[in-house]
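Numbers restart at 1 for each chain; the letters A, B, ... are given by sequence-line order, proteins then strands.
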Protein chains: 2
Amino acid sequence: MDNRAKILSNALKLFAARGYDAVGTQEIVDAAGITKPTLYHYFGSKEGLLKALLETNFEPLYQSVREAAAYQHDLPLTLERVVLAYFNFADKHRPYYRMQLSMWFAPVDSVPFKAVAELNRRQQQLLETLFLLAAEDHGNMRGRHQMYAATFLGMINTYVSLALNGYASVNDDLVYKAVHQFMHGIFS
Amino acid sequence: MDNRAKILSNALKLFAARGYDAVGTQEIVDAAGITKPTLYHYFGSKEGLLKALLETNFEPLYQSVREAAAYQHDLPLTLERVVLAYFNFADKHRPYYRMQLSMWFAPVDSVPFKAVAELNRRQQQLLETLFLLAAEDHGNMRGRHQMYAATFLGMINTYVSLALNGYASVNDDLVYKAVHQFMHGIFS
DNA sequence: CAATTACTATACCACTCGGTATACTCCCGT
DNA sequence: ACGGGAGTATACCGAGTGGTATAGTAATTG
């Protein structure tokens, strides 16, 4: 692993555990076993490091969800695949998803929130498109695609948060339960 | 407004907007028009200020939800009252709820997360009790009260987050929609 | 071979951080 | 009138912040 990768890896762990503002560049370079000029050579600034971290890790998630969200006139199936895509990714990249999750709800004027804002928009967009297409098949869903996208994503993140903190295990059963609850509620 | 209140008020606004770690004590006392020893006289430390902020504002929310969550064998009604309690509170104390929300998803080893952990537990407990009681009336819900409590709270915070950012307006219709979706899913 | 380029360490910068020692003023109870 | 405590400001502390000027090394390219 070269120095650039070492920096990314250690910064990710530290940011995920204690937050962007609470972790100094000195601590990052110490953990990576290098010095500050190396960090600033590759990333220009602390904020640049954060953005590189997001870009590197988000794209695989996005592509994975994108493929899963291809609508083929079977909404339950598609939603299950989307949830599965999120769950699998979060499980395979726990520190990263922890960080992204904390940044999602970060204060609006904070550096971390501004850095993920665009990524959130893209996820929302993806799901909106899905629900918009689905509404053509399910008339009673019409006009609510934005709300569905937002609450669906919120539900996914709630479940992922539970899983990351050990209150649930990420498996096919959880995926089914999540989608089923989203579509049919808690009674059935 | 005395100096103690000035500090609390200004610190709340700043923490809600940019986060605990990103805001220094100097900035807080400048905004409040006082000096540091005054802050340290009342709160002992920056962390003490944060805890005072939480204690002051959380208790009213907790009591409000507690009353709303009194189960009387009508789950939809009770859930609507709980959601309404959260919505009303979040609407009346926007900066505070913004802050609490960001702290809820903050990194696990961060100061803010540790400070709200206990409050989160108390909310979760309240809802678990509710769903446990409800499961006596609705057998098919049995054994899932923890999951229901967690996802219900997650759903509430998703909606509140939407409302706080202007993507939805907090009114009775939204309350009804939120509970209805939670109980019956998106199809009906 | 020489020159350039990528990369990295030493040592440092100005500034901000959370927190405090000291002293002062003001008010309250005696 | 006086002691004592609450509250507040001035001025300061050591440590750490994000960031950089300089110089060096090692590999690549002409």
Spacing between [X] atom [atom1] and [N] atom [atom2], to the nearest angstrom:
X: Ile7(A); N: dC7(C); atom1: CD1; atom2: C1'; answer: 11 Å
X: Lys6(B); N: dA9(D); atom1: NZ; atom2: C1'; answer: 14 Å
X: Arg18(B); N: dT16(C); atom1: CZ; atom2: P; answer: 13 Å
X: Tyr42(A); N: dT5(C); atom1: OH; atom2: P; answer: 17 Å
X: Leu39(A); N: dA9(C); atom1: CG; atom2: C1'; answer: 14 Å
X: Ile28(B); N: dT16(C); atom1: CD1; atom2: C1'; answer: 14 Å
X: Asp2(B); N: dA6(D); atom1: CG; atom2: C1'; answer: 12 Å
X: Asp30(A); N: dA9(C); atom1: CG; atom2: C1'; answer: 13 Å

(message) Tell me every residue that passes side-chain hydrogen bond (donor to acceptor under 3.5 Å, both in side chains) with Asp109(A), counting only those two or more places apart in sequence or in another chain.
(response)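 Residues passing side-chain hydrogen bond (donor to acceptor under 3.5 Å, both in side chains) with Asp109(A): none at all.
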
(request) List for me each residue that meets ring pair (Phe, Tyr, Trp, His ring centres under 6.0 Å) alongside Tyr71(A), sequence neighbours excluded, and say none if there are none. (result)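 His73(A).
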
(message) Can you list everything that forms a ring pair (Phe, Tyr, Trp, His ring centres under 6.0 Å) with Phe58(A)? Sequence neighbours excluded, please.
(response)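 Once residues adjacent in sequence are excluded, the partners of Phe58(A) under the ring pair (Phe, Tyr, Trp, His ring centres under 6.0 Å) criterion are Tyr62(A).
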
(message) Enumerate the side-chain hydrogen bond (donor to acceptor under 3.5 Å, both in side chains) contacts for residues 166-178 of chain A, please, sequence neighbours excluded, ordered by first and then second residue.
(response)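 Matches after skipping sequence neighbours: Ser169(A)-Asn171(A).
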
Protein-nucleic acid N or O pairs under 3.5 Å, nucleotides 17-24 of chain C:
| residue | atom | partner | partner atom | Å |
| --- | --- | --- | --- | --- |
| dG18(C) | OP1 | Lys46(B) | NZ | 2.7 |
| dG18(C) | OP2 | Thr25(B) | N | 2.7 |
| dG18(C) | OP2 | Thr25(B) | OG1 | 3.2 |
| dG18(C) | N7 | Lys36(B) | NZ | 2.9 |
| dG19(C) | OP2 | Tyr40(B) | OH | 2.8 |
| dG19(C) | OP2 | Lys46(B) | N | 2.9 |
| dG19(C) | N7 | Lys36(B) | NZ | 3.1 |
| dG19(C) | O6 | Lys36(B) | NZ | 2.8 |

(message) Any side-chain N or O of Thr35(B) below 4.0 angstrom from OP1/OP2 of dT10(D)?
(response)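 It does not, given that no N or O in the side chain of Thr35(B) lies less than 4.0 Å from OP1 or OP2 of dT10(D).
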
(request) Would you tell me whether Gln63(A) and Glu67(A) have side-chain atoms, one donor and one acceptor, within less than 3.5 Å of each other? (result)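 No pair is found: no donor N or O on one side chain lies under 3.5 Å from an acceptor on the other.
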
(request) From the options dT8(C), dA9(C), dA9(D), select the nucleotide whose nearest atom is closest to the side chain of His41(A). (result)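 The closest nucleotide is dT8(C).
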
Donor-acceptor contacts, no H, no angles, side chain residues 114-123 of chain B, under 3.5 Å, sequence neighbours left out:
| residue | atom | partner | partner atom | Å |
| --- | --- | --- | --- | --- |
| Glu118(B) | OE1 | Arg121(B) | NH1 | 2.9 |
| Glu118(B) | OE2 | Arg121(B) | NH1 | 3.0 |
| Arg122(B) | NH2 | Glu59(B) | OE2 | 3.2 |
| Gln123(B) | OE1 | Tyr86(B) | OH | 2.7 |

